[in-house]
Amino acid sequence: MTRAPLLAVRDLRVHFPATPHAIRAVDGVDLDVGSGETVGLVGESGCGKTTLARAIVGIEPGARGSVRLAGRELIGLARRERRSLCGALQMVFQDPATSLDPRMTIAGILGEALRLHERPVRAEVDVRVCELMERVGLDARLRHRHPHEFSGGQKQRVCIARALAVRPLLIVCDEAVSALDVSIQAQILNLLADLQDEFGLAYLFISHDLAVVRHVADRIAVMYLGQIVEEGRAETVLAGPKHPYTRSLRGAVPSLEPGVPPIVSVRGDVPSAARPPGGCRFHTRCPEAFERCARESPPRVAVGDGTSRCFLADSAPGGEASA
Ligand code: SF4
């Protein structure tokens, strides 16, 4: 029997009312994350990744569909019920500077998170704050300082410690290293990997950069204009992408195959989610589009160990689609 995924997202939709057309930021997304697994979610800016992340963690009030965490449905929960569950699902944002209260000390920020979850006695809070700081590579003697006294990488470590404080099952990392220098990015990615080994955490790791995602992901999901267009094991998606959009993203990462020029590069900008193109949403930019693509929307089909939303999925290298 197949084990149910830790996170199961089904037909998730976030449509924002607008004139004259609603903005369909997330439009029928299915996505699974297993316990202890890292799923990388990639796509250009404007593809709906952040809205999807916000809908999953429950801070996007217009979300419709189903988000189940460890079997519990989160969509439609009253605020109080959701709070009792929210410790299991945490989020780390792109900009640590704006996600930490500048008026609070680090001890105050971490202590507040601990009290929300565990209600420890006062003397224990300081001990746990020190443990958390040390676990994420920060000097606990600095706990009475304020966020502005820390570098960007240190602030992101504080954000990770705050997420850890509530003993989560899954952390959604939304562009969590994008604002950091490359050397600091590597340190934070290593920290996330160590914490995953130690605590069995699952991550939904969101990035516009396939080069970053390939370092951390067990599986990769590719998002375009509110939909998942390809999903599969990371090594399969990277070695033989089945969707032209994935091939274009992969082609933009020269270091994947040193000496080999990009296969294709995606042209133009992401169209508006208020008026997505009819037929295949990628057809206005797809170098492989043909007449049918403008008329019909390709279904998401199983191909190899993943899925693809392209009429040519079964003719891509290694592709053999099944309904
Ligand atoms: Fe390109 Fe057509 Fe495939 Fe869409 S269905 S990705 S337009 S080939």
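Indexing begins at 1, ligand by ligand and atom by atom, following the structure's order.
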Engineer: May I ask you to say whether Arg219 pairs ionically with Glu37, meaning some side-chain N is under 4.0 Å from a carboxylate O?
Structural biologist: yes
Engineer: Taking only heavy atoms of Phe311, which atoms of ligand 1 are found under 4.0 Å from at least one of them?
Structural biologist: 3 (Fe), 5 (S)
Engineer: Of the protein's non-hydrogen atoms, which lies at the shortest distance from atom 3 (Fe) of ligand 1, and what is that distance?
Structural biologist: Cys310 SG, 2.3 Å
Engineer: Where does the angle between the aromatic ring planes of Phe282 and Tyr224 fall among parallel (under 30°), tilted (30 to 60°) and perpendicular (over 60°)?
Structural biologist: perpendicular
Engineer: Does the distance from a Lys or Arg side-chain N to an Asp or Glu carboxylate O, for Glu124 and Arg128, drop under 4.0 Å?
Structural biologist: no
Engineer: Can Glu60 and Thr51 be counted as having a side-chain donor-acceptor contact under 3.5 angstrom?
Structural biologist: no
Engineer: Is Arg292 touching ligand 1 with its side chain, its backbone, both, or neither, if touching means heavy atoms under 4.0 Å apart?
Structural biologist: neither
Engineer: Answer yes if the side chains of Glu230 and Ser308 hold a donor-acceptor pair under 3.5 Å, and no otherwise.
Structural biologist: no
Engineer: Below 2.8 Å, can you find an N, O or S atom of Cys286 next to atom 1 (Fe) of ligand 1?
Structural biologist: yes
Engineer: Could you name the option among Pro244, Cys293, Pro277, Pro287 that has the heavy atom nearest to atom 2 (Fe) of ligand 1?
Structural biologist: Cys293
Engineer: Can you sort out which atoms of ligand 1 are near His243, meaning under 4.0 Å from one of its heavy atoms?
Structural biologist: 6 (S)
Engineer: Cation-pi between Arg285 and Tyr245: NZ/CZ under 6.0 Å from ring centre and within 45° of the ring axis?
Structural biologist: no
Engineer: How far is atom 4 (Fe) of ligand 1 from the closest protein heavy atom, and which atom is that?
Structural biologist: Cys280 SG, 2.3 Å
